[in-house]
Protein chains: 2
Amino acid sequence: MIPPLMNTASRKQREIAAREELILDCAARLLGEVGYQGLSMDRVAEAVEYSKGTIYQHFDCKEDLLAGLCLRSSQDLYDLFSRAAGLDLSPRERLIAIAFAYQLFIRLHPLEFANMQTLKSATVREKTSAENRCAMQTIEAQVMNTLTQVVRDGVSSGDLTLPQGLTCEELIFCLWATQYGAASLGISGIPFADYGVPSIAGALQKFNNNLLDGLNWHPVSKEFDYAATQRYLEQQVFNAELRMLQDDAETRQRKSS
Amino acid sequence: MIPPLMNTASRKQREIAAREELILDCAARLLGEVGYQGLSMDRVAEAVEYSKGTIYQHFDCKEDLLAGLCLRSSQDLYDLFSRAAGLDLSPRERLIAIAFAYQLFIRLHPLEFANMQTLKSATVREKTSAENRCAMQTIEAQVMNTLTQVVRDGVSSGDLTLPQGLTCEELIFCLWATQYGAASLGISGIPFADYGVPSIAGALQKFNNNLLDGLNWHPVSKEFDYAATQRYLEQQVFNAELRMLQDDAETRQRKSS
DNA sequence: ACCTGAACACCGTTCAAGT
DNA sequence: ACCTGAACACCGTTCAAGT
């Protein structure tokens, strides 16, 4: 069957879309190889084997390209969140699963997370294209919605009674802030291990459990083995991802020795 | 009295120190005028009316200069923390005062806070001089110590019994992460107001109170009017700073109209 | 119509030449 | 001994010239 003539334009569009993915792939790889500082439009152009002018047909400016990377990372993060939020577990367990997924994402993609941080710094955000900004907002809204839904489930199932004046959204915002802040501080280079915090992930787990117990979110940790939930997440749900992390660590060790 | 000859070197040292302050002052002012992106060594040199070579005698590189700014901001923040921690209040109130001081600092110095975030991004941190890094670590240790001490006071006074396995340091780290994360998300441009969080500061206050109540940190909010503490902080302790904020807002409004 | 890469402006950094 | 600013390498961005 000969495709209709209309598809000629569509084919070109597909080619362009494919090249955009190629640019983003190369940029992501370069980010890992030469770091944020070393990433230049020249290098990207060289890596994709197109001229700089062509790159600029896809992205308005360097910030826009980085925003494209940020968008893909955000999508990956959202996918992990969705998996966590969709598990067949109690609302409180699912919230823990989301926190787990967040910390996992940051360990899997530390450079992308750092990039996301830089990109969100408002001054940079303004320079990105309207298209990218809009797509970003869509994902943010989806994430916020997925997270809030878990708290709402907790409330509607009767497991959680929100304290006077605190809304679902405010609670989620503060929980998010804790995870985000902990991750940011974690990659900031402040030697928290020297200050009595040997494991950030461990501190967060304990903190979360105490916080949710304090809110009297059932089942309370006295009534339920949340350590088993952690093990379930590690060994079953996110086993493949954790294995990848270990492989990476081993490869790095082999390289340095 | 003629000063001893030794002081000739000392006078020069003072001149150099004064010029370093001048450079930092100009850089801070430029940061406000042209933003992070627009801040260049050329502009700084022009503003201080010295050549670029002279700037480089004070700072190894651009990152080092920004680290100098970061150091001064950190000192300002530490001063605010110290004031809050030294108030004649109960440990729990003092912890609230510190959180208040943190959010106040970020509102007073949004650009410096953004700069601090960028500067801590590890890749940049490595390029700063050993001197600046060392001074930074000293302040960080002081901050961490001041914060932890308030929790320790709560424990030793019998107001707080830490739950099984959670240390002072871990609790402080997570509280810090929440404040830091909330501030970062606040300046990130994500429209949280549209997502049901009209006031980040308000959400944090409610969250903190619920968290500390959940930990059973006495006096619990049923037994004590913490809204009065907030008013005391606003109207007495940090009144001058809040007034400055209002004046700034009015000046900006007058400018735009 | 699409792609190229030379050209431009700007920026961080250095260092030979001045005083 | 101290300071200068021309010079260099690199980078983001543009656009006239190619195919």
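Every chain is numbered from 1, with letters handed out A, B, ... down the list of sequences. These figures come from a predicted structure and were not determined experimentally.
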Query raised in the report: In whole Å, what is the span from the CD1 atom of Ile23(A) to the P atom of dC3(C)?
Result: 10 Å
Report task. Keeping the roles fixed (side chain from Arg19(B), backbone from Arg14(B)), state whether a donor-acceptor pair exists under 3.5 Å. Result -> no
Report task. Tell me what Ser40(A) touches on the nucleic acid: a base, only sugar-phosphate, or nothing, going by heavy atoms under 4.0 Å. Result -> sugar-phosphate
Mind listing the side-chain donor-acceptor pairs of residues 187-194 of chain B below 3.5 Å, one per line with the distance, residues two or more places apart or on another chain?
residue   : atom : partner   : partner atom : Å
Ser188(B) : OG   : Leu185(B) : O            : 2.7
Ser188(B) : OG   : Ile190(B) : N            : 3.3

Query raised in the report: Rounded to whole angstrom units, what separation is found between the CD atom of Gln37(B) and the C1' atom of dT13(D)?
Result: 14 Å
Report task. If the plane angle is over 60° it's perpendicular, under 30° parallel, otherwise tilted; pick one for Phe238(B) and Phe100(B). Result -> parallel
Query - Whole-Å distance separating the OH atom of Tyr50(A) from the P atom of dT13(D) - result: 21 Å
Report task. Give a yes or no on whether a salt bridge exists between Glu241(A) and Arg83(A), defined as a side-chain N under 4.0 angstrom from a carboxylate O. Result -> yes
Query - Value in whole Å for how far the P atom of dG12(C) lies from CG of Leu30(B) - result: 12 Å
Query raised in the report: Tell me: CD of Glu46(B) to P of dT4(D), nearest whole Å?
Result: 14 Å
Report task. Hey, which sits more toward the 5' end of DNA chain D by its nearest nucleotide, Gly53(A) or Gly38(A)? Result -> Gly38(A)
Requested in this report: Consider only side-chain N and O atoms of Asp64(A) and Ser129(A), and report whether a donor and an acceptor are under 3.5 Å apart.
Outcome: yes
Requested in this report: Give a yes or no on whether a salt bridge exists between Asp42(B) and Lys52(B), defined as a side-chain N under 4.0 angstrom from a carboxylate O.
Outcome: yes
Query raised in the report: Rounded to the nearest 0.5 Å, what separation is found between the CD1 atom of Ile106(B) and the CD1 atom of Ile200(B)?
Result: 10.0 Å
Query raised in the report: Does the side chain of Arg43(B) get closer than 4.0 angstrom to OP1 or OP2 of dC11(C) through an N or O atom?
Result: yes
Query raised in the report: Could you walk me through whether Phe81(B) and Tyr102(B) pass the side-chain contact (heavy atoms from CB on, under 4.5 Å) check?
Result: CA-CA 7 Å; Phe81(B) 276 175; Tyr102(B) 200 9; 3.8 Å; yes
Requested in this report: State, yes or no, whether a side-chain contact exists between Leu65(A) and Leu24(A) at a heavy-atom distance under 4.5 Å.
Outcome: yes
Query raised in the report: Does Thr54(B) place a side-chain N or O at less than 4.0 Å from the phosphate oxygens OP1/OP2 of dT4(D)?
Result: yes
**Report entry** Atom pair distance, as rounded to whole Å: CD1 in Ile55(B) and C1' in dG5(D)
**Finding:** 13 Å
Report summary line: Given Watson-Crick and G-U pairs under 3.5 Å, DNA chain C in dot-bracket ([ ] crossing, | other strand) is ||.|||||...|||||.||
**Report entry** Nucleotide dC11(D), atom P - distance to CZ of Phe59(A) in whole Å
**Finding:** 19 Å
Report summary line: Taking dC11(D), dT14(C), dC11(C) as options, the one with an atom nearest any side-chain atom of Asp42(A) is dC11(D)
Query raised in the report: Heavy-atom contacts under 4.0 Å between residues 63-72 of chain A and DNA chain D, which residues?
Result: none
Query raised in the report: Between Arg19(B) and dC2(D), is there a side-chain N or O to OP1/OP2 distance below 4.0 Å?
Result: no
Query raised in the report: Does the base of dT14(D) carry an N or O that pairs as donor and acceptor with the side chain of Lys52(A) under 3.5 Å?
Result: no
Requested in this report: Calculate the interatomic distance between Lys12(B) atom NZ and dA1(D) atom P; express it in whole Å.
Outcome: 13 Å
Report task. For Leu39(B), answer base if it contacts any base atom (sugar-phosphate contacts may also be present), sugar-phosphate if it contacts only those atoms, and nothing otherwise; contact means non-hydrogen atoms under 4.0 Å. Result -> sugar-phosphate
Requested in this report: State, with a plain yes or no, whether a side-chain heavy atom of Gln103(A) is found less than 4.5 Å away from one of Ile98(A).
Outcome: no
Requested in this report: Please check the phosphate of dC3(C) (OP1 and OP2 only) for any side-chain N or O of Gln57(A) closer than 4.0 Å.
Outcome: yes
